[in-house]
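To start, the structure under review is shown below, and the notes come after it.
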There are 2 protein chains.
Amino acid sequence: MDPFAALGDPVRRDLVARLSRAPARVVDLAADQAISRPAVSRHLRLLAEAGLVVAEDRGRERHYRLQPSGLDPVTDWLAGLEPPARFAASALDGLDLEVRRTTRERSADRAADRSTHTTTEETA
Amino acid sequence: MDPFAALGDPVRRDLVARLSRAPARVVDLAADQAISRPAVSRHLRLLAEAGLVVAEDRGRERHYRLQPSGLDPVTDWLAGLEPPARFAASALDGLDLEVRRTTRERSADRAADRSTHTTTEETA
DNA sequence: CGAATAGGTAACCGATAGGTTACCAATGAG
DNA sequence: CTCATTGGTAACCTATCGGTTACCTATTCG
């Protein structure tokens, strides 16, 4: 499932937002969702397939964390829209300073991410 | 249908991208889609309900155009993610200059948009 | 060891998405 | 006026989504 479709579901958006704040275990994620744990589990699998989150097994627990690069297709698509639409992208105005400040670190982060980690990603 | 779900469909994304370049009639939009015109028509209705496009009747033709503000929920959500995720938002880096340059005009544009136009929007 | 906890998977089910064809109303052109 | 063009709507069908319950495995803890 592509990132766009993945973010089409409000529960999955909520999970992503939650994970953007901190990694979490499945039970904890399921705790503040109105649906059953298996349902959350499946949403997480989809998010992993979409490249938006990564799972890491720690003993009997599975910790999910956000994979920021998974959002690239979305931001890229928005960025690819013609000028008239880009006006809307300026909703990110408030972030300009911070984002630009962190750009260099982020490139390094992404590179490291691809090489060192051996975390799950597909098999949720 | 909310903008996220609306953009979850590749055909609709394509329509939005197309309309970001220029307004167009339904036939023209349907022309370069692999699906039937009624199907495109329904996609357009959904996009209008999501606030992403606006329709304007001109004689027997209906011209659809992009409504940039419809993307705000998306960019806002992305902007609302915690720092780690914002790194991905820097995919918009290349746009920073242009976006900031046009910010003022855009505010004016949005304001004008809400008051003067009386175009359709819901009834596709 | 045995019990509890974490979490994935399977089977099932109702609702919805998205496609098609057929049809209709309205406008514009010859 | 007549006919072609534009485009929405309805009815229908299939596939997929998202939820549930039931079940199983693996790890940790007393």
Side-chain angles (χ1 to χ4, degrees), chain A residues 1-19 22-66 119-124, chain B residues 1-19 22-66 119-124:
Chain A
M1 179 170 284
D2 66 292
F4 292 92
L7 296 178
D9 184 279
V11 172
R12 287 193 291 265
R13 256 179 345 258
D14 208 64
L15 290 170
V16 167
R18 168 80 135 82
L19 291 175
R25 303 176 305 155
V26 178
V27 246
D28 300 328
L29 293 169
D32 50 335
Q33 294 293 338
I35 60 180
S36 71
R37 187 190 51 74
V40 171
S41 193
R42 242 181 15 189
H43 280 302
L44 288 168
R45 178 173 54 192
L46 288 195
L47 287 173
E49 282 168 6
L52 289 167
V53 305
V54 187
E56 184 186 358
D57 287 330
R58 296 224 293 223
R60 68 177 157 182
E61 303 175 348
R62 171 164 293 191
H63 293 248
Y64 280 94
R65 56 185 176 75
L66 187 68
T119 35
T120 313
E121 195 136 352
E122 288 299 298
T123 315
Chain B
M1 177 172 283
D2 67 293
F4 292 93
L7 296 179
D9 184 279
V11 171
R12 287 194 289 266
R13 265 190 323 270
D14 208 64
L15 290 171
V16 167
R18 168 81 136 80
L19 290 176
R25 303 176 306 155
V26 178
V27 245
D28 300 328
L29 292 169
D32 51 333
Q33 294 293 338
I35 59 179
S36 71
R37 187 191 50 73
V40 172
S41 193
R42 244 179 16 187
H43 281 302
L44 288 168
R45 177 172 55 192
L46 287 195
L47 286 173
E49 283 168 6
L52 290 167
V53 305
V54 187
E56 185 186 358
D57 286 329
R58 296 224 293 222
R60 68 177 157 182
E61 304 173 347
R62 170 163 292 190
H63 292 249
Y64 280 95
R65 57 185 174 75
L66 188 68
T119 35
T120 315
E121 194 138 352
E122 288 298 299
T123 315

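These numbers come from a predicted model, not from an experiment. Note on naming: letters A, B, ... go to the chains in the order of the sequence lines (proteins, then strands), and numbering restarts at 1 for each one.
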**Study point:** Distance, nearest 0.5 Å, that separates CG of B:Leu7 from CG of B:Leu15
**Key:**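 Between atom CG of B:Leu7 and atom CG of B:Leu15 there are 11.0 Å.
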**Study point:** From CD (B:Glu49) to CE (B:Met1), nearest 0.5 Å
**Key:**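 It is 8.0 Å, given to the nearest 0.5 Å.
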Residue-phosphate contact under 4.0 Å: [X] side-chain N/O, [N] OP1/OP2:
| X | N | result |
| --- | --- | --- |
| A:Ser36 | D:dT20 | yes |
| B:Ser41 | D:dG7 | no |
| B:Tyr64 | D:dG8 | yes |

Residues 29-40 of chain B side chain polar contacts: donor-acceptor under 3.5 Å, at least two apart:
from	atom 1	to	atom 2	distance (Å)
B:Asp32	OD2	B:Arg18	NE	3.4
B:Gln33	NE2	B:Asp14	OD2	3.0
B:Ser36	OG	B:Ala39	N	3.4

Review point. In B/S/- notation, 5' to 3', how is nucleotides 24-30 of chain C contacted by protein heavy atoms closer than 4.0 Å?
Key: ---BS--
Which nucleotide wins on minimum distance to the side chain of [X], given the candidates [options]?
| X | options | answer |
| --- | --- | --- |
| A:Arg45 | D:dG18, C:dT20, C:dT9 | C:dT9 |
| A:Arg62 | D:dG18, D:dT21, C:dG7 | C:dG7 |
| B:Ile35 | C:dT20, C:dG18, D:dG19 | C:dT20 |
| A:Arg42 | C:dA22, C:dG18, C:dA11 | C:dA11 |

Point to revise | Any donor-acceptor N/O pair under 3.5 Å between C:dG7 base and A:Arg37 side chain | key: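 Yes, a donor-acceptor pair under 3.5 Å.
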Point to revise | Residue met sooner reading DNA chain D from 5', once A:Met1 and A:Ala39 are mapped to nucleotides | key: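 The residue mapped nearer the 5' terminus is A:Met1.
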**Study point:** Qualifying residues under side-chain hydrogen bond (donor to acceptor under 3.5 Å, both in side chains), relative to B:Arg25, sequence neighbours excluded
**Key:**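 Residues passing side-chain hydrogen bond (donor to acceptor under 3.5 Å, both in side chains) with B:Arg25: B:Asp28, B:Glu61.
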Practice item. Under the side-chain hydrogen bond (donor to acceptor under 3.5 Å, both in side chains) rule, collect the residues that match up with A:Arg42, sequence neighbours excluded. Key: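 Testing A:Arg42 for side-chain hydrogen bond (donor to acceptor under 3.5 Å, both in side chains), a comparison that skips the adjacent residues, returns none.
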Report the distance from atom [atom1] of [X] to atom [atom2] of [N], rounded to the nearest whole Å.
| X | N | atom1 | atom2 | result |
| --- | --- | --- | --- | --- |
| A:Asp57 | D:dA26 | CG | P | 13 Å |
| B:His43 | C:dG18 | NE2 | P | 6 Å |
| A:Leu46 | C:dT9 | CG | P | 12 Å |
| B:His63 | D:dT6 | NE2 | C1' | 10 Å |
| B:Leu44 | C:dG19 | CG | P | 12 Å |

Review point. Pairs in or reaching into residues 3-13 of chain B: which pass salt bridge (charged side-chain N to carboxylate O under 4.0 Å, His left out), with residues at least two apart or in two chains?
Key: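 Listed by first then second residue: A:Asp2-B:Arg13.
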Practice item. Specify the residues of residues 5-18 of chain B, ordered by number, for which at least one heavy atom lies under 4.0 angstrom from an atom of DNA chain D. Key: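 The answer is none.
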Point to revise | Considering all heavy atoms, the nearest A:Leu19-A:Val53 contact | key: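 For A:Leu19 versus A:Val53, the nearest heavy atoms are CD1-CG1, 3.7 Å.
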Practice item. For residues A:Pro3 and A:Ala50, report the shortest heavy-atom separation together with the two atoms involved. Key: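 A:Pro3 and A:Ala50 have their closest heavy atoms at CG-O, 3.9 Å.
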